*Asks:* 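Here it is, the structure, as structure tokens.
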Amino acid sequence: MGTYACNMLIYPNSTYPLINEIRKTFYFPLRNSTLQTPREFRFGKLHCQLVASNVEDIGKPENEAENPRFKWVEIGTDITEAQKKAIAKLPPLMTKRCKAIMKQIICFSPQNVSLPDLVAAWVRIMKPKRADWLVVIKELKTMDLLYLEVAELALLEESFEANIRDYTKIIHGYGKQNRLQDAEKILLAMKSRGFICDQVTLTTMIHMYSKAGNLELAEETFEELKLLGQPVDKRSYGSMIMAYVRAGMPKEGETLLREMDAQEIYAGREVYKALLREYSMTGDSEGAQRVFDAIQCAGIPPDVKLCGLLINAYGMTGQSREASIAFENMRRAGLEPSDKCVALMLAAFEKENKLNKALEFLVELERNGIMVGKEASEILARWFRNIGVVEEVELVLREYAVGEANFSA
């Protein structure tokens with residue numbers, strides 16, 4: 001049986017459209033009757049509406065109102081061993097309210113019930129507070145089990161008391177999984193609920209667009225971030241530089257790097273490395289040297305991989321002399337050359353057909369106890385076969401070895 005909305009309690013937590021409409025209406029108590037005809041007043045939309053006696057039954061057929069879509073049943077013993085182990089690993093201090101939903105989610109099957117119905121039933125029966133939500137979401141994230149899905153449902157619940165950081169975390173989570181549309185959906189929902197994008201949220205979006213290779217949206221969001229009037233931080237700059245690198249535009253990324261330097265903000269090692277790699281792979285030795293110098297100015301000690309990228313940049317442009325200088329600087333810095341670096345040096349000599357220089361280089365390596373590995377050996381073998389001097393080179397190397405042995409004696 002229904003009653004008039006004038007005589008019923010208003011449910012502030014309801015998300016049903018009908019109730020939301022009622023909440024916008026002025027109510028006056030009925031006199032002398034529990035059922036009285038609604039009246040229209042000339043000065044406003046003051047009326048009463050007949051609604052169901054149970055707000056959860058609104059818009060449902062009678063059989064659904066009597067039988068909720070999900071009937072909460074405690075998890076028994078008829079579950080898989082994997083589910084039993086997962087339940088057993090739940091924190092012992094977790095409250096019964098939190099364990100109840102965790103058990104349901106661990107044993108969740110979309111064929112039996114929808115996740116929204118399951119979460120809604122937990123909210124209706126257990127009446128969780130924000131602290132409960134946070135415990136459940138954290139545990140789901142640790143277990144990598146429907147974390148983002150449940151977190152997204154939590155945003156709709158008043159008991160969760162969602163704030164802007166909650167939205168940002170979900171956007172970041174979807175971004176890491178390259179679920180761009182889901183992340184943008186959460187961003188739109190956040191804005192529609194009155195939250196204003198701040199630096200953290202916009203930085204998260206830049207990082208997401210950068211990772212997805214969407215340079216245009218990354219640039220637009222970066223400009224929006226600047227309009228906030230707050231200093232742009234290291235992470236925002238780094239994400240934008242990576243977006244330019246992925247788009248094959250290292251010079252634009254380097255421009256931002258100089259902008260950072262002017263503010264004494266330094267990018268992380270991986271950002272410098274990505275920019276250096278882009279210049280190296282395209283054979284831009286000048287750009288590679290500039291970034292390599294910037295790395296040292298930022299107080300980041302170059303490692304063998306960074307040195308290898310610089311050697312490669314010089315080798316690709318036929319500058320074996322400059323590549324040799326970079327190789328020797330690496331050794332003077334106390335770094336042990338990798339087989340990759342040795343191979344890059346041999347490739348540089350091969351590009352200029354400097355066989356004698358290559359042989360001197362090999363002898364110097366042997367003198368310093370540096371062995372030629374697989375990759376460097378393959379380059380040598382290919383080069384010697386191409387010029388037909390395999391036997392001659394073997395003879396020269398043996399003579400070098402004998403001469404070195406006699407000199408040592």
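These numbers were taken from a predicted model, which means no experiment stands behind them.
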*Asks:* State which residues pass side-chain contact (heavy atoms from CB on, under 4.5 Å) with Glu352; sequence neighbours excluded, sorted by chain then number.
*Replies:*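 side-chain contact (heavy atoms from CB on, under 4.5 Å) check on Glu352 returns Ser320, Lys354.
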*Asks:* Could you tell me which non-hydrogen atom of Ser236 sits nearest to which non-hydrogen atom of Phe222, and how far apart they are?
*Replies:*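 So the two residues come closest at O-CE1, 4.0 Å.
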*Asks:* Just to verify, which of Lys357, Arg385, Arg382 counts as forming a salt bridge (Lys or Arg N to Asp or Glu O under 4.0 Å) with Glu350?
*Replies:*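 Looking at Lys357, Arg385, Arg382, the match for Glu350 under the salt bridge (Lys or Arg N to Asp or Glu O under 4.0 Å) is Arg382.
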*Asks:* State whether the side chain of Ser280 and the backbone N or O of Asn312 hold a donor-acceptor pair below 3.5 Å, judged by distance alone.
*Replies:*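 No; zero donor-acceptor contacts below 3.5 Å.
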*Asks:* Quick check on Lys211: does its NZ atom have over 12 non-hydrogen neighbours (other residues, nucleotides or ligands) under 6.0 Å away?
*Replies:* yes
*Asks:* Can you pull out every salt bridge (charged side-chain N to carboxylate O under 4.0 Å, His left out) where at least one residue sits in residues 306-324? Sequence neighbours excluded, please.
*Replies:*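 Found none.
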*Asks:* Between Ile379 and Val342, is the side-chain contact (heavy atoms from CB on, under 4.5 Å) condition met? List the steps.
*Replies:* CA-CA 10 Å; Ile379 290 178; Val342 174; over 6 Å; no
*Asks:* I'd like to check Ile265 versus Val232 (side-chain heavy atoms, cut-off strictly below 4.5 Å). Are they in contact?
*Replies:* no
*Asks:* Would you say the side chain of Tyr147 lies within less than 4.5 Å of the side chain of Thr142, judging by non-hydrogen atoms?
*Replies:* no
*Asks:* The test is side-chain contact (heavy atoms from CB on, under 4.5 Å); show your working for Met102 and Ile87 and say whether it passes.
*Replies:* CA-CA 8 Å; Met102 286 301 303; Ile87 292 173; over 6 Å; no
*Asks:* Check for a donor-acceptor pair, side chain of Asn163 on one end and backbone N or O of Asp166 on the other, with a separation under 3.5 Å.
*Replies:*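 Side chain of Asn163 to backbone of Asp166: a pair is present.
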*Asks:* According to salt bridge (charged side-chain N to carboxylate O under 4.0 Å, His left out), who are the partners of Asp303, at least two apart in sequence or on a separate chain?
*Replies:* Arg269
*Asks:* For residues Ala288 and Leu276, report the shortest heavy-atom separation together with the two atoms involved.
*Replies:*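 Taking every non-hydrogen atom into account, O-CD1, 3.3 Å.
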*Asks:* Can you confirm whether Trp133 sits close enough to Val123 that some side-chain heavy atom of one is under 4.5 Å from a side-chain heavy atom of the other?
*Replies:* yes
*Asks:* Any Lys/Arg nitrogen of Glu152 or Arg179 sitting under 4.0 Å from an Asp/Glu carboxylate oxygen of the other?
*Replies:*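 Between Arg179 and Glu152 there is no salt bridge, as every charged N stays at least 4.0 Å from the carboxylate O atoms.
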*Asks:* Could you tell me the separation between the CD atom of Gln230 and the CG atom of Asp198, rounded to the nearest 0.5 Å?
*Replies:* 8.0 Å
*Asks:* Is any side-chain heavy atom of His172 closer than 4.5 Å to one of Lys169?
*Replies:*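 In short, these two side chains do not touch, never coming nearer than 4.5 Å.
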*Asks:* Under the salt bridge (charged side-chain N to carboxylate O under 4.0 Å, His left out) test, which residues partner Glu378, sequence neighbours left out?
*Replies:* none
*Asks:* What pairs of donor and acceptor atoms, side-chain ones from residues 328-336 against any protein atom, are under 3.5 angstrom apart with sequence neighbours left out?
*Replies:*
from   : atom 1 : to     : atom 2 : distance (Å)
Asn329 : OD1    : Arg332 : NH2    : 2.7
Asn329 : ND2    : Ile325 : O      : 3.3
Arg331 : NH2    : Asn368 : OD1    : 3.0

*Asks:* Test: salt bridge (charged side-chain N to carboxylate O under 4.0 Å, His left out). Region: residues 230-257. Which pairs qualify, not counting sequence neighbours?
*Replies:* Glu254-Arg258, Glu254-Arg290
*Asks:* Going by salt bridge (charged side-chain N to carboxylate O under 4.0 Å, His left out), name the pairs with one or both residues in residues 95-112, residues two or more places apart or in two chains.
*Replies:*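 Sorted pair list: Arg97-Asp132.
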*Asks:* Side chains of Trp383 and Leu355: does their closest heavy-atom pair fall under 4.5 Å?
*Replies:* yes
*Asks:* Search all heavy atoms of Ala151 against all heavy atoms of Ile137 and return the closest pair with its distance.
*Replies:* CA-CD1, 4.0 Å
*Asks:* For Glu216, I'd like to know if atom CD has over 12 heavy atoms of other residues, nucleotides or ligands within 6.0 Å.
*Replies:* no
*Asks:* In chain order, what residues pass the side-chain contact (heavy atoms from CB on, under 4.5 Å) check against Thr168, with sequence neighbours excluded?
*Replies:* Ile164, Arg165, Val200, Thr201, Thr204
*Asks:* Per the ring pair (Phe, Tyr, Trp, His ring centres under 6.0 Å) rule, what does the pair list look like for residues 296-345, sequence neighbours excluded?
*Replies:*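 Matches after skipping sequence neighbours: Phe327-Phe361.
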*Asks:* Which atom names give the shortest non-hydrogen contact between Val304 and Ser338, and what distance separates them?
*Replies:*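 Shortest heavy-atom separation between Val304 and Ser338 comes out as CG1-OG, 3.5 Å.
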*Asks:* When rounded to the nearest 0.5 angstrom, what is the spacing between CG in Leu380 and CG in Leu346?
*Replies:*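 Interatomic distance, Leu380 CG to Leu346 CG, rounded to 0.5 Å: 4.5 Å.
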*Asks:* For Gln181 and Lys185, run side-chain contact (heavy atoms from CB on, under 4.5 Å): C-alpha distance rounded to whole Å, both residues' side-chain angles, the deciding distance at 0.1 Å, then the answer.
*Replies:* CA-CA 6 Å; Gln181 291 183 342; Lys185 179 186 68 176; over 6 Å; no
*Asks:* Using 0.5 Å steps for rounding, measure from the OG atom of Ser377 to the CD atom of Glu375.
*Replies:* 10.0 Å
*Asks:* Under 3.5 Å, side-chain donor or acceptor atoms of residues 186-196 against the rest of the protein: list the pairs with distances, not counting sequence neighbours.
*Replies:*
from   : atom 1 : to     : atom 2 : distance (Å)
Ser192 : OG     : Leu188 : O      : 3.4
Ser192 : OG     : Ala189 : O      : 2.7
Arg193 : NH1    : Tyr167 : OH     : 2.9

*Asks:* With no hydrogens and no angle check, do the side chains of Gln111 and Ser109 hold a donor and an acceptor under 3.5 Å apart?
*Replies:*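 Yes.
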*Asks:* How about Glu184 and Tyr209: does a side-chain donor come under 3.5 Å of a side-chain acceptor?
*Replies:*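 There is such a pair between these side chains.
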*Asks:* Any side-chain heavy atom of Tyr237 sitting closer than 4.5 Å to one from Glu259?
*Replies:*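 Sidechains of Glu259 and Tyr237: in contact.
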*Asks:* Identify all side-chain donor-acceptor contacts of residues 79-86 below 3.5 Å with residues at least two apart in sequence or on another chain.
*Replies:*
from  : atom 1 : to    : atom 2 : distance (Å)
Thr80 : OG1    : Gln83 : N      : 3.2
Thr80 : OG1    : Gln83 : OE1    : 3.4
Gln83 : OE1    : Thr80 : N      : 3.1

*Asks:* Report the C-alpha distance between Ile101 and Trp72 in whole Å, list the side-chain angles of each, state the deciding distance to 0.1 Å, and finish with yes or no for side-chain contact (heavy atoms from CB on, under 4.5 Å).
*Replies:* CA-CA 10 Å; Ile101 187 64; Trp72 190 278; 4.2 Å; yes
*Asks:* Are there over 12 heavy-atom neighbours, none belonging to Lys141, within less than 6.0 Å of that residue's NZ?
*Replies:* no
*Asks:* Within a 6.0 Å radius of atom CG on Asp144, are there more than 12 heavy atoms belonging to other residues, nucleotides or ligands?
*Replies:* no
*Asks:* Specify the closest pair of heavy atoms between Leu310 and Ala326, including all atoms of both residues, with the distance to one decimal.
*Replies:* CD2-CB, 4.1 Å
*Asks:* Other residues, nucleotides and ligands only: do more than 12 of their heavy atoms fall within 6.0 Å of CD on Glu286?
*Replies:* no
*Asks:* Mind checking the CD1-OG1 spacing from Ile241 to Thr255? Nearest 0.5 Å is all I need.
*Replies:*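 Taking CD1 in Ile241 and OG1 in Thr255, the distance rounds to 9.5 Å.
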*Asks:* Calculate, to the nearest 0.5 Å, the distance between atoms CD1 and CD belonging to Ile206 and Gln199 respectively.
*Replies:*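 Here the interatomic distance stands at 9.0 Å.
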*Asks:* Report the residues that fulfil side-chain contact (heavy atoms from CB on, under 4.5 Å) with Glu219, sequence neighbours left out, ordered by chain and then residue number.
*Replies:*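 Result, side-chain contact (heavy atoms from CB on, under 4.5 Å) vs Glu219: Leu215, Met240, Tyr244.
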*Asks:* Mind checking whether Trp122 and Val136 have side chains closer than 4.5 Å, heavy atoms only?
*Replies:*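 Counting from C-beta outward, Trp122 and Val136 do come under 4.5 Å.
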*Asks:* Determine, stepwise, if the pair Asp293 / Gln289 fulfils side chain to side chain donor-acceptor pair (under 3.5 Å).
*Replies:* CA-CA 6 Å; Asp293 293 340; Gln289 186 65 63; 3.0 Å; yes
*Asks:* Can you tell me if Thr282 uses its side chain to pair, donor with acceptor, with the backbone of Glu278 under 3.5 Å?
*Replies:*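 Between the backbone of Glu278 and the side chain of Thr282 there is a qualifying donor-acceptor contact (under 3.5 Å).
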*Asks:* Identify the two heavy atoms, one from Ala274 and one from Val245, that lie closest to each other, and give their separation to 0.1 Å.
*Replies:*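 That closest heavy-atom pairing would be O-CG1, 3.8 Å.
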*Asks:* What distance separates Met208 CE from Leu217 CG, expressed to the nearest 0.5 Å?
*Replies:* 8.0 Å
